[in-house]
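In what follows, a structure is listed as structure tokens, so that the remarks can point back to it.
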Amino acid sequence: MKILMVLESEFPSDVRVENEIIALTEAGHEVQLACSTHKNRPGKDIWGKAIIHRKKITPFIYKSSVGCLNFPFYFNFWRKFVFGLFSNERYDVIHIHDLPLSIIGVEIKKKFKTHLVIDLHENWPALLKTATHTNTIAGKLLSSNRQWVNYEKRMLPLADKVITIVEEARDRVIGLGVDLEKISMVSNTINFENLSINPKTRSDDSFVIFYGGAINIHRGLHIVLVAIKICIENNLKISLWIVGDGSYRKKLEELTVNLSISPYVRFFGQKPFNDLLNILADSDAAIIPHLRTDNNDASSPNKLYQYMYLDKPIIASDCTSLKRIISETKTGFIYRNDSAEDLALLIENIYRDKSRREDIKGNGKRAVMEKYNWDFDRKRLVAVYENLGS
């Protein structure tokens, strides 16, 4: 099949999209990707076996996405771009990454009689409900959560296939009236290809907790910093390493100073994937501190499987999907997501009682090798395309 994927953001890099492109091209499909760019990247180039089409997006059009259900500018940018590609070439499938551009996929399906796959990386209405930019005065005027809920209910049943990332997300989509037979699950599991792990030898003997990923308020890192403060006051020799970047990083750095814990917290910034894994390998435990939201309760974060693969004891908040997978695999410990005191007590317990960490040693690596890996999920993705039209 000839597939056109549509991605709102820059490419590369998006690990999920990269893995999907590789899986589908290796299965014999021809994949092209349409994406926007803010940078001086070429309008057309090659990534692996895929052709990448890029269109420069202006700051005004980009910012207008917050009000795209009320004003035409953002969708019109994508209509012109994607309809132009379909006018020049014939594609068998349009594969839309995430909810917002679903309407473009629906319109393309109707006009060009193609198959439509909607790939839900997130619970988009829930994500926007808690996002910083939609909770400003302007954001509330331009973006209505009710509109996004209704938009999703209209769009998803019109797809030939809907891809979700985890069981909880699948069940939510069923609740929206989408036929179970249309839904497939492809998780953000780890891809073993091109991994290069060569950790350094640490010179200090502190107990290092690692976090890797995006930095925004809903990741819950402010709760972690307060917990670290409590642990230090309780005479624990402990450090926190944060790899990643995001809109909330500056506030976290300020909070670190205000809590007087700067010597115990290190911000590495954004790092290449293998560098991130090497830093993770040097740590003693790893944390997923996401606050409970409807989106985070049905998430499948890449970091979960990275932590498992490197067999780190996982400290995780009680988001539904995280709690289920960690309990099933016996790979970590759960705390109440909004309680720094609960987290500090858990950290102290596993710090002082090494046997708790030893009891779960090997479970993470085993879970990834047997089930939670991209070799398994790539087959489910390829099956989506094998079953299109059946």
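Computation of the quantities below employed the complete heavy-atom set of this structure, encompassing side-chain atoms and omitting hydrogens, waters and symmetry-equivalent molecules.
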(message) Using every non-hydrogen atom in the two residues, find where P125 and L99 come nearest and quote the distance to one decimal.
(response) CD-CD2, 4.0 Å
(request) Would you check if I360 and T331 make a side-chain contact, meaning some heavy-atom pair closer than 4.5 Å? (result) no
(request) Sort and list the pairs that fulfil ring-ring contact (aromatic ring centres under 6.0 Å, His included) and have at least one residue in residues 262-291, not counting sequence neighbours. (result) W241-F268
(request) Using the six-membered ring wherever Trp is involved, compare the ring planes of W148 and Y151 and label them parallel, tilted or perpendicular (cut-offs 30° and 60°). (result) perpendicular
(request) Answer yes or no: is there an ion pair linking E107 with R79, defined by an N-O contact shorter than 4.0 Å? (result) yes
(request) Could you tell me whether D359 and K330 make a salt bridge, using a distance below 4.0 angstrom between a side-chain N and a carboxylate O? (result) no
I'd like a table of donor-acceptor pairs (distance under 3.5 Å, sequence neighbours excluded) in which one partner is a side-chain atom from residues 171-181, with atom names and distances.
residue : atom : partner : partner atom : Å
R172    : NH1  : E152    : OE1          : 2.9
R172    : NH2  : E152    : OE2          : 2.9
D179    : OD1  : E181    : N            : 3.0

(request) Not counting sequence neighbours, list each pair that qualifies as a ring-ring contact (aromatic ring centres under 6.0 Å, His included) and has a residue in residues 318-347. (result) none
(message) Counting C-beta onward and ignoring hydrogens, is there a side-chain heavy-atom pair between N296 and R219 closer than 4.5 Å?
(response) no
(message) Just so I know, are the side chains of M5 and F11 near enough to count as touching, which here means a heavy-atom distance under 4.5 Å?
(response) no
(request) Measure the shortest side-chain to side-chain distance between M308 and L304 over non-hydrogen atoms and say whether it is less than 4.5 angstrom. (result) yes
(request) Please determine, by modelled atom types, if E18 and N191 share a side-chain donor-acceptor pair under 3.5 angstrom. (result) no
(message) Would you say that R380 contacts S187 through its side chain, given a criterion of any heavy-atom pair below 4.5 Å between the two side chains?
(response) yes
(request) Taking the side chain as every heavy atom from C-beta outward, state whether K161 and N387 have any atom pair closer than 4.5 Å. (result) yes
(message) With a 4.5 Å cut-off on side-chain heavy atoms, are Y62 and F73 touching?
(response) no
(message) Could you tell me if the side chain of R16 sits less than 4.5 Å from the side chain of D119, heavy atoms only?
(response) yes
(message) Looking at R357 and D284, is any side-chain nitrogen of the basic one under 4.0 Å from a carboxylate oxygen of the acidic one?
(response) no
(request) Could you tell me which residues satisfy side chain to side chain contact (heavy atoms under 4.5 Å, CB included) with K250, sequence neighbours excluded, listed by chain and number? (result) E254
(request) Could you tell me how the ring of Y74 sits relative to the ring of W78: parallel (under 30°), tilted (30 to 60°) or perpendicular (over 60°)? (result) perpendicular
(request) Identify which one of K39, R41, H38 satisfies the side-chain hydrogen bond (donor to acceptor under 3.5 Å, both in side chains) criterion when paired with E10. (result) R41
(message) Could you tell me if N278 and N198 have a donor-acceptor pair between their side chains, going purely by distance under 3.5 Å?
(response) no
(request) Keeping to residues at least two apart or across chains, list the ring-ring contact (aromatic ring centres under 6.0 Å, His included) pairs with something in residues 152-174. (result) none
(request) Please determine which of E89, K44, Q32 meets the side-chain hydrogen bond (donor to acceptor under 3.5 Å, both in side chains) test together with H53. (result) Q32
(request) With sequence neighbours excluded, give me every ring-ring contact (aromatic ring centres under 6.0 Å, His included) pair touching residues 346-374. (result) F207-Y351, Y305-Y372
(request) Identify whether the distance between the nearest side-chain nitrogen and carboxylate oxygen of R292 and D338 falls below 4.0 Å. (result) no
